[in-house]
Chemist: 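Just passing along the structure, written as structure tokens.
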Amino acid sequence: MRKYVGQPLPKTDAIAISTGKPVYTEDLAPAEALVVKMLRSPHAFARIKSIDTAKALKIKGIECILTYKDVPGVRFTLAGQSYPEPSPYDRLILDPIVRYVGDEVAIVAATSERAANEALKLIKVNYEVFEPVLDFEQAIDHTSVVHPEETLTCNFDIGMEKGRNICSTHTLAVGDVEAELKNCEVVVEETYYTQAQAPAMMETFRAYTYLDHNDRLVVVSSTQVPFHIKRQVARALELPFSKVRVIKPRIGGGFGGKQTGSGEVFAGLVTLKTGKPAMFIYSRTETFTSTTSRHAMRLKVRMGADKDGFIRALDIENLSDTGAYGEHASTTFMVCGDKTLPLYNKTKAVRYHGHAVYTNKTPAGALRGYGATQGTFALESTVNKLAAKLNMDPAELRLKNIIKAGETALAYHGKVLGSSTLDRCIEKGKELIGWQEKYPFQELPNGKIRAIGMAVTMQGSGIAGIDTASASLRLNEDGHYNLLIGSTDMGTGSDTMLAQVAAEVLDTPPEEIIVHAADTDVSPYDPGSYASSTAYVTGMAVLKAAEELKQRIIECAAKVLEVTPEQIKFDGRELKTLDGSKVITLRKLAESVVVGTDKNQLVGNATYGSPISPPPFIAGFAEVEVDPGTGKVEVVDYVAVVDCGTMLNANLVKIQVEGGIAQGIGMAMYEEVHYDEYGQLKTSNFMQYKIPCRKDFGRITVAFEESYEPTGPFGAKSVGEVVINTPPPAIAHAVYNAVGARVTHLPITPEKVFMGMNASKK
Amino acid sequence: MQITVMINHRQVTLDVAPDDFLVDTLRQQGLYSVRRGCDTTCCGLCTIWINGKPTLSCSALSFRANGKHITTIEGVRHEAEEFAHFMAAEGADQCGYCSPGFILTVLAMKRELVNPTEDDIVHYLTGNLCRCTGYQGQLRAIKKYLGVTA
């Protein structure tokens with residue numbers, strides 16, 4: 001029986017952050033920090049012929065104005081990834097070539113925001129304007145080349161052909177997919193488009209920098225990846241690693257967006273040039289236009305099955321729009337295939353292939369789901385189409401074809417699935433949504449139509465064989481502990497949940513475990529919180545560090561009590577011999593090793609990386625109400641049944657699911673992305689880019705079918721990303737079941753539904 | 001120009017520019033719970049009370065607050081903490097960045113609505129966006145806090 005793991009404990013920082021304690025980046029900055037503002041390109045693709053800053057420099061309070069002439073010539077990537085980063089080094093801090101509307105042109109640093117804004121208006125820039133690449137389907141072999149520069153480099157071959165605007169190329173193929181498709185009795189095909197969803201975290205991007213007493217550059221940033229930011233800043237500013245320190249305070253949301261750097265290098269450059277603290281806060285509009293969004297994709301799917309409904313062949317061709325820079329381009333592309341192809345493992349041949357391409361638009365990057373979300377929409381919509389063509393119940397079709405624990409799949413890289421309750425998730429979800437009674441649709445007396453739809457999905461838990469986290473746990477003088485980690489609680493409650501893991505091992509209340517994260521001078525290395533890694537990868541490091549420390553405590557007590565370690569029983573407070581004859585309290589032991597005569601402060605250290613990335617699973621079910629007169633869709637109920645292995649904190653896991661489903665509903669229905677003909681992002685604030693408010697969907701019902709993942713901490717897998725994947729295909733399916741409109745181009749707007757209804761009637 | 005306002009029951013006289021907004025003026029006074037989340041009065045993060053009414057401080061000109069009572073979450077700390085415990089019990093605080101504005105709106109709702117239904121609550125709070133929670137945990141917390149069963 002577990003004491004702490006699984007308990008719905010409140011987050012340790014809950015009351016402080018809810019009631020406005022000044023614990024976020026901006027709150028902590030020194031009052032005298034210079035205000036950093038950016039002059040941004042009005043053109044999608046241009047060369048700066050000249051910049052005149054003379055007038056702007058005369059404004060009172062202007063400290064410096066920096067242009068491409070003032071920056072180091074080394075290219076780097078803002079992607080926060082383990083070294084060597086798969087993302088190309090295709091950026092300069094400031095570049096004479098601007099590649100999208102909103103690209104950086106000149107940095108202004110001033111003693112006041114007013115002065116900085118004034119100066120921005122007075123900088124005169126002359127541009128030579130080029131024809132931009134705006135349509136990603138026309139990017140390959142376009143007459144304009146987004147990145148012709150010789151100095152662009154990749155750490156390894158990602159299939160880049162920059163002269164053709166191809167950022168990366170990838171193929172994953174097992175078997176002869178064309179031959180197998182020919183053998184299939186039923187083949188369905190469809191092309192899908194997913195939009196460049198924005199993370200839209202409530203705290204926009206921000207960082208401040210200063211030089212400390214050792215003349216080192218300190219970067220305080222709202223980031224998910226402090227160690228990657230340290231490496232990125234060191235490279236971009238040509239500083240030795242030892243001269244950079246990155247601190248992450250509380251973060252106002254990330255969702256993957258803050259796995260990519262933003263203002264750190266700009267503020268850092270100002271601090272290096274002026275010697276003064278500097279802070280760069282992105283406006284909401286800048287966050288939309290000039291930080292990264294989800295990769296928009298076009299996915300062409302062909303799926304073949306035999307007459308019994310076994311899926312035998314699957315081919316997905318993907319074209320991904322990485323925008324002006326290649327952050328996370330090759331990896332989101334790969335994840336899209338890796339988290340979709342293995343789901344149905346009765347296949348005889350599978351293939352996933354295509355390119356990520358450069359365009360002159362806002363760069364794409366990491367966002368919750370990281371390619372899997374896009375892939376799930378395409379795959380699951382196709383499975384639903386197949387079910388319709390086979391005249392089979394889509395839930396039955398899935399139960400027949402899904403991978404199960406102990407099995408492998410053609411595209412599962414020779415690994416065996418360690419845990420899954422996806423079959424039970426589907427059964428439970430059917431029950432909760434009322435599948436038997438409601439599928440496929442019912443007409444309501446008011447003329448509206450209620451219908452249900454479904455989708456399933458998988459993600460991963462950390463990046464197999466790459467991401468490696470360390471944890472350090474220290475026994476203090478009175479018996480409480482410090483847990484040092486480098487993962488980044490961005491609101492998820494991971495600090496609390498990791499304390500629960502350590503507390504379980506050490507048999508001590510979690511409040512006795514003081515968690516510190518993250519400061520690259522203090523924390524042990526951790527890639528940061530992304531790729532659904534914190535519970536699983538950092539969680540295992542914490543578990544192992546706690547086990548090691550526990551063993552040391554026992555050994556130390558054995559020495560003091562003059563018995564062997566095997567004779568000691570530790571209940572978290574006392575160390576007793578098995579026969580009960582000798583005892584020492586943890587407090588006494590701690591006192592003697594830390595401040596007393598034994599002189600041996602006990603520490604547990606562990607480093608963990610996993611050779612596998614165990615997938616969590618979800619079965620998602622949407623109930624919608626469609627007005628056939630207008631095409632308006634309402635999500636009445638959404639049921640998500642989740643297999644994330646063991647729940648480490650029942651409440652925090654549930655909220656992750658509810659929040660992820662809401663974000664998925666946003667992607668499915670509300671979050672449209674539009675550019676004008678000149679390449680300007682029109683949907684660059686919350687007026688134009690609509691994230692769901694609390695009236696925009698009905699009930700969300702969450703249930704769990706726990707599995708036990710043998711390689712995870714107490715059987716846990718991840719939950720952070722998988723939760724966003726099912727709403728787009730499940731809602732699209734429900735809409736189809738309601739009115740026959742098959743929406744393949746996200747988001748599912750009333751216009752598309754209405755047009756689709758009329759098309760299906762013809 | 002000079003204004004005299006009551007901020008959290010304390011009278012202060014401030015120098016403000018004609019185009020200063022309260023969100024900035026209040027932050028300059030060290031009230032860091034007041035936050036800017038958007039540029040378009042859409043998100044509710046910057047919610048404060050002016051004479052007890054929830055108001056978006058990002059679009060409220062500071063000079064217009066002359067002679068008025070301003071309340072931020074720091075001014076109702078005890079009551080805010082009481083509700084925050086209900087949020088924490090649901091795990092519904094998450095990143096916490098929207099919470100001060102959200103909680104101030106909840107506390108204003110408590111004063112304004114008598115026996116609100118679930119629909120009333122959702123309607124009242126529509127202007128407070130949250131990207132983390134999907135709103136469900138917040139609703140559970142409010143219903144328990146107010147003893148709403150409908």
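Within every chain, numbering begins at 1; the chains are lettered A, B, ... in the order of the sequence lines, protein sequences first and strands thereafter.
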Chemist: Considering only heavy atoms, which portion of L129(B) lies under 4.5 Å from any heavy atom of chain A: side chain, backbone, both, or neither?
Modeler: both
Chemist: Picking from H123(B), Q28(B), R27(B), Q94(B), which has the most non-hydrogen pairs under 4.5 angstrom with chain A?
Modeler: Q94(B)
Chemist: Other residues, nucleotides and ligands only: do more than 12 of their heavy atoms fall within 6.0 Å of CZ on R111(B)?
Modeler: yes
Chemist: For the residue pair M87(B) and S18(A), what are the closest heavy atoms and their distance?
Modeler: CE-OG, 4.2 Å
Chemist: Would Q136(B) and T701(A) satisfy side-chain contact (heavy atoms from CB on, under 4.5 Å), going step by step from the backbone distance to the final call?
Modeler: CA-CA 9 Å; Q136(B) 311 287 300; T701(A) 307; over 6 Å; no
Chemist: Quick check for you: among P199(A), G493(A), A662(A), which has the greatest number of heavy-atom pairs under 4.5 Å with chain B?
Modeler: P199(A)
Chemist: Hey, does L652(A) have a side-chain heavy atom less than 4.5 Å from the side chain of E90(B)?
Modeler: no
Chemist: Which atom pair, heavy atoms only, marks the closest approach of G252(A) to Y97(B)?
Modeler: CA-CB, 3.8 Å
Chemist: Within a 6.0 Å radius of atom CD on E82(B), are there more than 12 heavy atoms belonging to other residues, nucleotides or ligands?
Modeler: yes
Chemist: Taking all non-hydrogen atoms of both residues, which atom of K11(A) and which atom of D93(B) are closest, and how far apart?
Modeler: CD-OD2, 3.1 Å
Chemist: What is the distance from atom SG of C38(B) to atom CG of N685(A), rounded to the nearest 0.5 Å?
Modeler: 8.0 Å
Chemist: Under a 4.5 Å cutoff for heavy-atom pairs, which residue among Q656(A), E26(A), M490(A), M201(A) has the most contacts with chain B?
Modeler: E26(A)
Chemist: What are the two closest heavy atoms between P100(B) and T19(A), and how far apart are they?
Modeler: CG-C, 4.5 Å
Chemist: Side chain from CB out, backbone as N, CA, C, O: work out which of these in A89(B) comes under 4.5 Å of a heavy atom of chain A, or both, or neither.
Modeler: backbone
Chemist: Could you check which of G660(A), S283(A), G254(A), A16(A) has the highest count of heavy-atom pairs closer than 4.5 Å to chain B?
Modeler: S283(A)
Chemist: Answer with side chain, backbone, both or neither: which region of E81(B) has an atom nearer than 4.5 Å to a non-hydrogen atom of chain A?
Modeler: both
Chemist: Give, as side chain, backbone, both or neither, the part of I251(A) having an atom under 4.5 angstrom from any heavy atom of chain B.
Modeler: backbone
Chemist: Report the distance from atom OG of S33(B) to atom CD1 of I17(A), rounding to the nearest 0.5 Å.
Modeler: 13.5 Å
Chemist: Strictly by modelled atom types, are T285(A) and D39(B) linked by a side-chain donor-acceptor pair under 3.5 Å?
Modeler: yes
Chemist: Under 3.5 Å, side chain of Y135(B) to main-chain N/O of P692(A), donor-acceptor pair present?
Modeler: yes
Chemist: Under 4.5 Å between any side-chain heavy atoms of I281(A) and R36(B), yes or no?
Modeler: no
Chemist: Take atom NZ of K21(A) as the centre, draw a 6.0 Å sphere, and report whether it contains more than 12 heavy atoms from other residues, nucleotides or ligands.
Modeler: no
Chemist: At their closest point, which heavy atom of C693(A) faces which heavy atom of T126(B), and how far apart are they?
Modeler: SG-CG2, 3.5 Å
Chemist: Which region of F102(B), side chain (C-beta onward) or backbone (N, CA, C, O), has a non-hydrogen atom less than 4.5 Å from a non-hydrogen atom of chain A, or is it both or neither?
Modeler: side chain
Chemist: How far apart are the C-alpha atoms of R131(B) and E203(A), what are their side-chain angles, what is the distance that settles it, and do they pass the salt bridge (charged side-chain N to carboxylate O under 4.0 Å, His left out) test?
Modeler: CA-CA 10 Å; R131(B) 190 63 153 170; E203(A) 182 197 32; over 6 Å; no
Chemist: Using a strict 4.0 Å threshold on nitrogen-to-oxygen distance, state whether R114(A) and D19(B) make a salt bridge.
Modeler: yes
Chemist: Do you know which of I73(B), V34(B), L139(B), I103(B) has the most heavy-atom pairs with chain A at a distance under 4.5 angstrom?
Modeler: I73(B)
Chemist: Quick check on D24(B) against chain A: is it the side chain, the backbone, both or neither that has a heavy atom closer than 4.5 Å?
Modeler: neither
Chemist: For residues C98(B) and M202(A), report the shortest heavy-atom separation together with the two atoms involved.
Modeler: CB-CG, 4.3 Å
Chemist: Which region of E74(B), side chain (C-beta onward) or backbone (N, CA, C, O), has a non-hydrogen atom less than 4.5 Å from a non-hydrogen atom of chain A, or is it both or neither?
Modeler: side chain
Chemist: Looking only at heavy atoms and a cut-off of under 4.5 Å, which of I700(A), L9(A), N649(A) has the most pairs with chain B?
Modeler: I700(A)
Chemist: Will you find, in the side chains of Q138(B) and R694(A), an N or O donor that is under 3.5 Å from an N or O acceptor?
Modeler: yes
Chemist: Can you tell me how far the CZ atom of R284(A) sits from the SG atom of C43(B), to the nearest 0.5 Å?
Modeler: 7.0 Å
Chemist: Could you tell me which portion of K654(A) (side chain, backbone, both or neither) has an atom closer than 4.5 angstrom to a non-hydrogen atom of chain B?
Modeler: side chain
Chemist: Is any side-chain heavy atom of Y24(A) closer than 4.5 Å to a side-chain heavy atom of R35(B)?
Modeler: yes
Chemist: I'd like to know which of T492(A), V702(A), V657(A) tops the heavy-atom pair count under 4.5 Å against chain B.
Modeler: T492(A)
Chemist: Only pairs of heavy atoms separated by less than 4.5 Å count here; which of P22(A), A31(A), A650(A), G666(A) has the most with chain B?
Modeler: P22(A)
Chemist: Do H85(B) and I15(A) come close enough that some side-chain heavy atom pair is under 4.5 Å?
Modeler: yes
Chemist: Is T41(B) in contact with chain A via its backbone, its side chain, both, or neither, using a 4.5 Å heavy-atom distance?
Modeler: side chain
